[in-house]
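Some notes on the structure that comes next.
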There are 2 protein chains.
Amino acid sequence: MANRRSAAHVTAGRDTKKAIHDAAVRLFVAKGFEETSLREIADAVGITKPSLYYHYPSKLELLVAIINPLLDDLKALSEQVAEIAPDADGRRTILRTYLRAMIRHRDAGEMMVRNAVPIVNAVADQFPVVVDANKTLRDWLAGPDPTPVRLLRASAAMEILTVALVSKEVAPDAEDDLVETTLLDAAIAALRPDGE
Amino acid sequence: MANRRSAAHVTAGRDTKKAIHDAAVRLFVAKGFEETSLREIADAVGITKPSLYYHYPSKLELLVAIINPLLDDLKALSEQVAEIAPDADGRRTILRTYLRAMIRHRDAGEMMVRNAVPIVNAVADQFPVVVDANKTLRDWLAGPDPTPVRLLRASAAMEILTVALVSKEVAPDAEDDLVETTLLDAAIAALRPDGE
DNA sequence: GTCTATATACCGATAGAC
DNA sequence: GTCTATCGGTATATAGAC
């Protein structure tokens with residue numbers, strides 16, 4: 001079977017949109033969102049900047065395409081949280097769902113936590129809801145009588161789950177199942193250090 | 001006693017360098033490092049951009065001046081860590097020292113964790129050592145036989161301590177002493193969730 | 001120490017040919 | 001779908017007057 005494209009176009013032309021997406025994630029994580037120019041992304045893919053605009057209408061839309069799957073999961077979680085029973089089982093369920101979202105969208109999540117301010121500001125106008133998702137989850141985890149200590153513990157528990165985003169660097173040999181089990185246990189221990 | 005300066009210069013002229021420093025921290029935290037222009041900082045202080053260059057030779061040097069006190073503390077901690085006994089008391093000492101550095105340099109720390117990628121990249125050439133300080137501390141906390149589980153727990157414990165950087169937002173009423181006690185207990189619980 | 005004016009470079013984005 | 005060429009804007013940084 002003969003190729004339908006000339007040799008020079010095989011690499012760039014096969015699935016350019018996905019190649020742009022992947023190169024953008026890699027460069028945004030390595031260099032930062034604002035510090036990465038569309039020209040660098042185009043170079044990494046092997047095309048020019050105007051060709052990139054054929055696939056994504058703007059740099060912001062490219063960013064939104066990267067983070068949307070993660071934000072959708074977090075939004076869904078924050079909306080269903082009110083129906084969960086506020087007991088030990090419920091807390092474990094919420095933390096595990098959050099943790100699995102981090103593992104599933106590891107690249108996008110790492111990009112977000114390492115460039116939190118610029119990225120949140122960039123998308124805040126379009127998605128005001130997602131800015132509050134973390135606060136909703138934290139308040140729920142803190143319980144109906146949120147003392148400062150409980151609020152700090154809730155933040156600590158959620159913060160632990162973001163370690164999943166860099167687990168490949170911290171513990172390259174750990175499978176995702178081990179990462180999930182380990183971090184979930186650690187988060188629960190941080191949330192209720194005295195085992196109450 | 002008459003003022004030595006005209007009224008128009010009182011605000012900007014009294015301690016311009018510190019005013020630039022403080023305005024820069026505030027804007028870098030709110031908008032991001034690259035997203036904040038020197039013109040915005042100058043406007044916030046009430047001077048022009050060339051006047052800013054009289055006090056700081058470049059935007060990068062301004063950034064370095066902000067984060068240096070924190071980096072010095074972290075470097076010192078990572079260098080003295082080898083002399084600490086690797087027992088429960090030693091781990092508590094290390095975690096508490098790290099946590100107190102976060103509380104002491106809260107503004108610079110919040111700026112760093114929320115703009116980690118751009119800032120680390122910006123100073124990595126000049127300070128290759130500090131990039132490894134976190135890894136040194138993590139490896140020490142994981143102990144002499146660092147299994148993946150222990151490495152993940154060590155990362156989790158350190159991650160908790162960064163909650164101190166946003167404690168004023170999470171729990172505005174909590175004094176620093178309460179923040180320190182609460183997060184230190186949570187970190188130790190995450191590091192050894194089974195109480196070993 | 002602060003200013004006006006400017007040099008130089010790169011950014012995101014677009015026009016239009018092929 | 002990809003290209004060459006370019007627009008309009010803004011960035012860091014500097015020169016030189018006061």
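Proteins come first, then strands; the chains are lettered A, B, ... in the order of their sequence lines, and each starts at number 1.
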Would you say A:T48 places a side-chain N or O within less than 4.0 Å of OP1 or OP2 belonging to D:dT4?
no
With side-chain contact (heavy atoms from CB on, under 4.5 Å) as the test, pick out the partner of B:D185 among B:L183, B:T181, B:T182.
B:T181
Nucleotide D:dA11, atom C1' - distance to CG of B:D43 in whole Å:
14 Å
ring-ring contact (aromatic ring centres under 6.0 Å, His included): pairs with one or both residues in residues 28-78 of chain B, sequence neighbours excluded:
B:F28-B:F33
Starting at CD1 of A:I47 and ending at P of D:dG1, how long is that distance when rounded to a whole Å?
12 Å
Report yes if a side-chain nitrogen or oxygen of A:Y54 is closer than 4.0 Å to either non-bridging phosphate oxygen (OP1 or OP2) of D:dT2; otherwise report no.
no
Which residues, ordered by chain and number, are linked to A:L178 in its hydrophobic cluster, where ILVMFWY side chains connect at heavy-atom gaps below 4.5 Å, directly or through other members?
B:V149
Below 4.5 Å, heavy atoms only, C-beta onward: do B:L74 and B:Y98 meet side chain to side chain?
yes
Considering only NZ, NE, NH1 and NH2 on the basic side and carboxylate oxygens on the acidic side, decide whether B:R26 and B:D22 come within less than 4.0 Å.
no
Distance-minimising heavy-atom pair for B:G32 and A:V117:
N-CG1, 3.3 Å
Is A:S51 near enough to D:dC3 that one of its side-chain N or O atoms lies under 4.0 angstrom from OP1 or OP2?
yes
5' to 3', nucleotides 5-18 of chain C under a 4.0 Å protein heavy-atom cut-off (B base, S sugar-phosphate only, - none) gives B-----SBBBB---
Can you check whether B:T16 has a side-chain N or O nearer than 4.0 Å to OP1 or OP2 of C:dT2?
yes
